[in-house]
Structure formats: structure tokens, C-alpha cells
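The analysis underlying the following values was restricted to heavy atoms, covering all of them including side chains, and did not include hydrogens, waters or symmetry mates. These figures come from a predicted structure and were not determined experimentally. Reminder, nothing fancy here: chain letters follow the sequence lines and each chain counts from 1.
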Amino acid sequence: MNQVFALADCNSFYASCERVFDPSLAGRPVIVLSNNDGCVIARTAEAKALGIVGFEPVFKYQAIIERHDVAVFSANFTLYGDLSDRVMTVLRSFAPQTEVYSIDEAFLTLTGLPEPPDPYCRRIRGTVRQWTGLPVSIGIGPTKTLAKLANRIAKKHPEHEGVFDLTGRPDLDALLDSVDVQDVWGVGHRYGKFLRARGVDTARRLRDLPDAYVKKHLTVVGLRTVEELRGNPCIAVQEARKPKQAILTSRSFGRDIGTLPELREAAAEFASMSAEKLRAQRSAAAFVTVFVETNSFREGPQYSNTATVGLAEPSDYTPRLIASAREGLARIFRPGYPYKRCGVLLSGLVPAVAAQRDCFAAEQRPAYGGALMRALDGLNARWGRGTLKYAAAGVARPWRMRQLRLSPRYTTTWDDLPVARAV
DNA sequence: TCTGGGGTCCTAGGACCC
DNA sequence: TCTGGGGTCCTAGGACCC
């Protein structure tokens, strides 16, 4: 039996989330900014129509924003994460298999459905809208890559009303010819440029390239993409999320940071945050990597460097990881530079219970360490992130992000709960 | 004068995704 | 003045082994 995949993807997800709890935003252009209120990372259709481009710095659009009364928000990932969970819950109720692919999209398997997939997906779309308030578009195809492509068509052409089915279409070639090669899932900036320079500028032309040529220039990954464009499924729906192999916390600072003590605090904070994510997936890390960077967008002396510190044995104990991050930082810190970004990466992850012990190493953590971490994580989950933290991460936090236009955490914090009043 | 071949592991770098 | 953050996978090349 031919397989059928669907990709459900929320429209302008972050911006749509802001609208859910503020109906006055309906019909108004809305944009959401990256951390530090730097770039535009989400735009509603109204904002796109004004010519606002994604991932461009917001200051370029100041005039447009004022003239057209664009609603501007700092990214509120707490809110988006919670609304994402709600959408995924609805989607899961409609398909035997779902893969949550990102915060705003999921693949569904619809193979063997007793009815045509198009009307079924329109029901899914209506239900998501009704139960969560969020608009979603759905693409249907014989492979994940083609479902993705169908989703793009559904979004681009409003006349399809949010659902497009690419299976069994006699005009498939023409449809694939209407899609820019770089809009194919798996073809990014570099490959797009490479292919276009050789006249391969549409999805159909990519599909029809010889295997050997694709493998040579786009590796086996590209070959999989091409096979999928031909309708041969190579990429399976993965229900269970594999544990992460690396965990990174990094930030650009709200302002330049020049001193080691301030950077040490930032590194400690990022190590703590990474450690929390690490314990959430019950892993321990064997390596701690820290990096610092100056602002490459600006003139002046640049410096960036990375240091990796190996642990005597894998650990999930925050003080241990903070100490290693600081050790790495001490190695790469050079005075006199205006630092803009820092991050802490944990790698060499193993299941915490199976962590290889080193009987000759100095004690990595006290006997009460495990209980302490559980208490720490429990309190922060119950009362909000940062309720309990290590003093090493500092209090003044001069490096913290700028978020001037943050919306309330409507769904996850009692104090931010929306209130309905009778008038 | 002659100087293998194959395997594994690790890392850095580069591509991609959202 | 103001330019995100967090991941994955693949390949090439070097170290090392037999």
C-alpha cells in the first residue's frame, strides 16, 4: 500500500500565539522578535504584506512599524511552548503515528485512512483552530519531503484554504516545477546557490538529476531528498524523540561584556541551564564546551574561541559542570574585548544511571548531590525558573537579554492568567 | 632498495533544519 | 543603537591498530 504522510504546520506560529489571548490583534500586522529584540522571527500575513522580511534586524523596519501600527512582541517561549503542547495533543488524536518535528509542526502518518485525506485534514485543521485558537496548514504527500512541499503550496495559495494534497495528481510535474529548488526541504542556502548556478532551479529539475551527480555534490543526504521527491519514502516518521546528543545554552548579551567576572557569571548561568535540560532527559555529560564571541556585525577587533573540558566521569551535577565551564572560560578569555555572546555546550551524553565511574578520580559530587539536584529542579518547576539558583550565576546579571515587549505568560504562571470581566 | 591495506575512532568543518 | 538559539547528520583527514 502506498504510504501517505501529512505535515501540519502552524501559520506564523509565534505571532499567532500572541493573538490567541489578545483578540484586538486580529487582522493587525503582528511580529515577534528574537532574543534581545534583535531580529524579526515571526510575521503574520499582514506584516509580510508590508514588506517585513524574516530574520532581518527590526530597526530596518522602524518606520513601517510606526506608520502601520504593527504590534511588536519580544519572544515569549514559555507561552509558545505551552500552546505548542496543546496543538500536538490535538494532532495526536487524529493519527496513529505523529512526529513532533519542531515547536510548530508535526508529521502524521495517514496510510490506510478509510476516507480521502483531504477532507480528513480539513477536519484536523478545524479542530486545532477551535480548540487552541491557532491556524494550521496541512500538506499531504507520498513522502515526508512531498508533504512538506504540499504544505508550502497550501500556505502560499490561500484558495486551497490551508490544505493541499499532492498524492495522485496528474499535474505533479507542473506543480514541482512551480516550486523553487531552495524551497525543497533539505536544500538550504549553499546547495540552492550551487544548483541554481547549474540551471537546476525548481523541485522538478532536482528530482530528475542523476543519482551519482546528486550523491557527489549533495552527499547521501541530498540523494535521500531526491528519492523522496520521486515519491519513494526514505525518511520514516519517528515517534519517539531520541535523547539529545548535545545540549547547548547560549545567548547574545543585551550589551557588550568586557570583564572576566561578568563572563564567569554568564557561563555559570548557561551551565546551570544546560544542566537542568540534561537532567530532564536523565543524561550525564562527559564534556563541557564553553565559547565566547565578540560582535561580528560590528567594526573593531574580533575574537572568538572555544574550549572543551573533559570530566573525569560523566556528571549531571550543576556545581561540577559550572566549575568545568569556568575552567574552560579561563583558558580562552582575553581581556580587552567587548564580548557579545557566550555559550555552554554539554556533550558526550550518556544515560545518567549508566555513567561510567572512575574509581581513581577525586569525588565528583557529594553523596547528597542527587537529592539536591532533584530538589532544585522540583522547586524551579513548581515555582518558576530561577526560583532557586547558584550564586555563581550572579544577581545583577548585566549580560541579560533585552526584552522590552514581552507578553504575559498567560498559560503557565498564575500571576499572568488572563482575566475575563463582565461589562 | 624495499616501504600494505584495511579497519575504527575522533574531531573539525560544513551542510542542513526550525 | 539595534543582527537568535538550539539542534542533527555527513565527510574528510589524522591517529592508531593489526
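Contact annotation for A:Arg224: backbone-only contact, meaning every heavy-atom pair under 4.0 Å involves sugar-phosphate atoms and none involves a base. Across all strands shown, A:Val32 has no heavy atoms under 4.0 Å from either base or sugar-phosphate atoms. Contacts of A:Ser296 with the nucleic acid, taken as non-hydrogen atoms under 4.0 Å apart, are absent. Note on A:Lys60: nothing from the nucleic acid sits closer than 4.0 angstrom, heavy atoms only. Using a 4.0 Å heavy-atom cutoff across all strands shown, A:Glu56 reaches no nucleic acid atom at all. Among the atoms of the strands shown, none is found under 4.0 Å from any heavy atom of A:Ala75. Within 4.0 Å (heavy atoms only), A:Gln245 reaches sugar-phosphate atoms of the nucleic acid but no base atom. Among the atoms of the strands shown, only primed sugar atoms or phosphate atoms (P, OP1, OP2) are found under 4.0 Å from some heavy atom of A:Ile247.
A:Ser272 and A:Lys389 form no side-chain donor-acceptor contact under 3.5 Å, judged by distance and modelled atom types alone. For A:Ser252 and A:Asn36, the side-chain atoms include no donor-acceptor pair closer than 3.5 Å. For the residue pair A:Arg279/A:Thr318, the side-chain donor-acceptor check at 3.5 Å is satisfied.
A straight line from CZ of A:Phe107 to P of B:dC17 spans 12 Å, rounded to a whole angstrom. C:dT3 atom P lies 10 Å from atom CG of A:Asp37, rounded to whole Å. For the pair A:Phe291 CZ and C:dG6 P, the computed distance is 8 Å after rounding to whole Å.
With A:Thr202 as the partner, the side-chain hydrogen bond (donor to acceptor under 3.5 Å, both in side chains) test is satisfied by one option alone out of A:Asp208, A:Asp180, A:Asp177: A:Asp177.
Across residues 188-198 of chain A, A:Gly188, A:His189, A:Arg190, A:Tyr191 each have a non-hydrogen atom less than 4.0 Å from an atom of DNA chain B (numbered order).
Every residue two or more places apart in sequence or in another chain was checked for a salt bridge (charged side-chain N to carboxylate O under 4.0 Å, His left out) with A:Arg334, and none qualifies. In this view, A:Arg129 satisfies the salt bridge (charged side-chain N to carboxylate O under 4.0 Å, His left out) rule with no residue, not counting sequence neighbours.
Here C:dT3 is the nucleotide among B:dC18, C:dG7, C:dT3 with the atom lying nearest to any side-chain atom of A:Phe59. The side chain of A:Phe297 approaches C:dT3 more closely than any other nucleotide in the set C:dC9, B:dC18, C:dT3. Set against C:dG6, C:dG5, C:dT8, the side chain of A:Lys277 has C:dG6 as its closest nucleotide.
Salt bridge A:Glu99/A:Lys144: present, at least one basic N to carboxylate O contact under 4.0 Å.
Taking 4.5 Å as the limit, some side-chain heavy atom of A:Val4 sits within range of a side-chain heavy atom of A:Ile140.
With ring centers used as reference points, A:Phe77 lies under 6.0 Å from A:Tyr80.
Between the side chain of A:Ser324 and the backbone N or O of A:Leu321 there is no donor-acceptor pair closer than 3.5 Å.
Counting only residues at least two apart or in different chains, side chain to side chain donor-acceptor pair (under 3.5 Å) contacts with residues 280-295 of chain A comprise A:Gln281-A:Ser283, A:Thr289-A:Thr308, A:Glu293-A:Arg341, A:Thr294-A:Gln302.
Taking atom P in both C:dC18 and B:dT3, the straight-line distance is 24 Å, to the nearest Å.
Projected onto DNA chain C by closest heavy-atom contact, A:Thr249 and A:Gly38 fall at different nucleotides, the more 5' of which corresponds to A:Gly38.
Axis angle between the ends of the helix from B:dG5-C:dC18 to B:dC18-C:dG5, five pairs each and rounded to 10 degrees, works out to 10°.
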Could you list all N or O pairs between the protein and nucleotides 11-13 of chain C that sit under 3.5 Å apart?
none

